[in-house]
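What follows is a set of notes on a single structure, which appears directly below.
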Amino acid sequence: MAAAVPRLSSSAAASSSSTLNQPTLRRHKPSSSLPSSLRLPLQSSPSLSHRLTLRSSVPSLRLPCSAAAHQVSVFDTDDKPHEQCGVFGIIGDPDAAEMCYLGLHALQHRGQEGAGIVSSDGSALHSVTGLGLVSEVFPDASKLAPLVGSAAIGHNRYSTSGAASALANVQPFVAGYRFGQLAVAHNGNLVNYRSLRHELESKGSIFSTTSDTEVILHLIATSAARPLIARIVEACESLSGAFSLVFLTADKLIAVRDPHGFRPLVMGRRPNGAVVFASETSALDLISAEYVREVNPGEVIAVDVNDMLIATSYLLTRKPRKSCVFEHIYFGSPNSIIFGHPVHASRYNFGAALARESPAPGADIVIPVPDSGLFAALGFAGTSGVPFKQGLIRSHYVGRSFIAPNQEERDLAVKLKLAPVEGILAGKSVVVIDDSIVRGTTSSKIVRLIKNEGKAREVHMRIACPPIVGSCYYGVDTPRAEELISNRLGVDELRQEIGCDSLGFLSLESMKGAFGEGSHMLCDACFTRKYPVTAPEPLAAEVGDEAED
């Protein structure tokens, strides 16, 4: 459950604005309902975009860096792909920053390294960013007080490129250039980031961060196209890879999704008429916003704060849709609808298909690896008839664990997070359902935990996705290909490596069948190595070290 939003009293807001030399809060009167233009069809007619060459004279971008310091513990070593990032935007709401704060709470699972909000009061942008969870960056009303205005964008960060603990890399970024201020929040990863950066630097651009997102701001600043939406379109046409973006100016909120639609981005509306964009529908639910539709792949949507008119355009190049299947396997919140499918239903169906394809005859109970294996375990149990039990209890009060120097201490780190229930497991043949195996290290620890501490007779691992054999270049932090255990070992060798009595994966064909309509539009490169966008060799060699939000 999200923490209660810090409410702003008028006196507190006035005090903070005065202290920080910020404009007085302007309350924009929201319209009672959104114009009919919001109810755009899922397939609108694309309009031609501008394609102009970059100017050789590069304006200077001013990216603020806070002097505040924040200590971050060593990353945990969980054997999972890590989240990308979460983006949120709202316009036409007098409590925009508070709604953004709540939206980021709902998207906290997508990134825990940093968070930030930028608001617009109609004439200027105001920014608060920090390292840590949303509740740590915004612990009370005083942190939200400077964020006045009826429009705001927010970001939860998990770094796939750029130094993880660098405050300068925490988004949204705010840039000042010749046409005013522009803020951006990005979920995805640009595979041509380095070549774009080198080109811009050769023309005089000076970069303030190590994030690939900053390239987007420079491309917009150097564009000769008019108006702003045309500059954004031109900049985005230069990008290769995954990007779901929200931009904020003094009077506009703009949402963009890459032509393949790798990462999710949805549009909604609040009862007061405010327009909302978010990475997942769970963020809409928390602020009582009605889901309207997805932002289509390659689409650019602009909303003006003054008249709330919505304009939509498309990037010139249309490409086959390839949405990330791992949003349904692991990343998405179970109460979200992603790519038109309920996440909890997909996971249940994956588990059911796994039971049909890889049963465990003679098993006594089915247990999930909490929390991501829960719905797949329910599906496996429901289809197989083997009773579902909670044999592992996850502690929600353990922070990130430090890297332990020996096997005994590494096992202890897992025991701090997962406690076996001996009364359920002892003497039983147990089917353990997990969503995926990446390096295999955590799986082997879980098997030992269930056998040694839980006293289980047998442990049968079942994985609700195919073996991961390829790294991701599109915003998911995965190890190098040689570190992926399924890329090195066959299923039986892997079974011996992790110490279970049997091991089964869901096949790609069964996974797509369980997903249902639209499965041909999923990106499955991590299972097939068939990449919709080929990454340049330098980036391909560095995945797992640094690649972006």
Side-chain angles (χ1 to χ4, degrees), residues 78-81 109 325-336 341-396 414 417-438 440 442-451 453-454 456-468 491 494-495 498-507 510-511 513-515:
D78 286 346
D79 181 25
K80 294 293 177 188
H109 59 285
V325 68
F326 248 89
E327 293 286 351
H328 277 266
I329 293 170
Y330 179 67
F331 294 127
S333 177
N335 62 324
S336 285
H341 290 247
V343 173
H344 73 90
S346 294
R347 292 177 185 169
Y348 185 96
N349 292 339
F350 293 159
L354 184 60
R356 292 189 291 269
E357 188 171 60
S358 186
D364 299 309
I365 57 173
V366 175
I367 70 169
V369 175
D371 293 319
S372 56
L374 174 61
F375 286 95
L378 288 169
F380 191 101
T383 300
S384 65
V386 179
F388 172 90
K389 299 289 183 179
Q390 285 279 14
L392 290 172
I393 305 301
R394 179 189 172 195
S395 172
H396 294 269
V414 172
K417 296 180 181 180
L418 294 175
V421 183
E422 185 178 344
I424 291 176
L425 300 172
K428 299 293 197 305
S429 175
V430 182
V431 181
V432 182
I433 308 295
D434 206 353
D435 59 274
S436 60
I437 293 180
V438 182
T442 298
S443 297
S444 62
K445 296 170 192 172
I446 289 173
V447 170
R448 286 195 296 271
L449 184 69
I450 293 172
K451 284 192 170 184
E453 307 295 328
R457 184 177 80 255
E458 296 175 342
V459 175
H460 303 276
M461 289 288 294
R462 296 294 181 268
I463 310 303
C465 78
I468 300 173
V491 174
L494 178 52
R495 179 196 64 77
I498 65 178
C500 56
D501 294 277
S502 72
L503 174 64
F505 289 86
L506 183 64
S507 70
S510 293
M511 185 193 72
F515 185 82

N/O donor-acceptor pair under 3.5 Å between [X] side chain and [Y] backbone:
| X | Y | result |
| --- | --- | --- |
| R462 | V431 | no |
| D501 | V459 | yes |
| S507 | S510 | yes |
| R457 | V430 | no |

What distance separates [X] [atom1] from [Y] [atom2], expressed to the nearest 0.5 Å?
| X | Y | atom1 | atom2 | answer |
| --- | --- | --- | --- | --- |
| K417 | I446 | NZ | CD1 | 10.5 Å |
| I365 | Q390 | CD1 | CD | 10.5 Å |
| M461 | S358 | CE | OG | 11.5 Å |
| C465 | M511 | SG | CE | 7.5 Å |
| K389 | D364 | NZ | CG | 11.0 Å |
| L494 | L503 | CG | CG | 5.0 Å |

Of all the heavy-atom pairs spanning [X] and [Y], show the shortest one and how long it is.
| X | Y | answer |
| --- | --- | --- |
| P370 | R394 | CG-CB, 3.8 Å |
| E422 | E453 | OE1-O, 3.9 Å |
| L418 | L449 | O-CD2, 3.4 Å |
| I463 | S436 | CG2-CA, 3.5 Å |
| H460 | S502 | ND1-OG, 2.6 Å |
| I424 | G391 | CG2-CA, 4.2 Å |

Next on the checklist: A side-chain contact here means heavy atoms from C-beta on lying under 4.5 Å apart; do F380 and P368 qualify?
Outcome noted: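 They are not in side-chain contact.
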Item to check | H328: partners by ring pair (Phe, Tyr, Trp, His ring centres under 6.0 Å), with sequence neighbours left out | outcome: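 For H328, the residues satisfying ring pair (Phe, Tyr, Trp, His ring centres under 6.0 Å) (neighbours in sequence not counted) are F515.
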Item to check | side-chain contact (heavy atoms from CB on, under 4.5 Å) between H344 and L374, worked out | outcome: CA-CA 9 Å; H344 73 90; L374 174 61; over 6 Å; no
Item to check | Candidate pair I367 and V421, rule side-chain contact (heavy atoms from CB on, under 4.5 Å), full reasoning | outcome: CA-CA 11 Å; I367 70 169; V421 183; over 6 Å; no
Item to check | Candidate pair V369 and D435, rule side-chain contact (heavy atoms from CB on, under 4.5 Å), full reasoning | outcome: CA-CA 8 Å; V369 175; D435 59 274; over 6 Å; no
Next on the checklist: Let's go through V343 and F375 carefully: what are the C-alpha distance in whole Å and the side-chain angles of both, what is the deciding distance for side-chain contact (heavy atoms from CB on, under 4.5 Å) to 0.1 Å, and is it a yes or a no?
Outcome noted: CA-CA 9 Å; V343 173; F375 286 95; over 6 Å; no
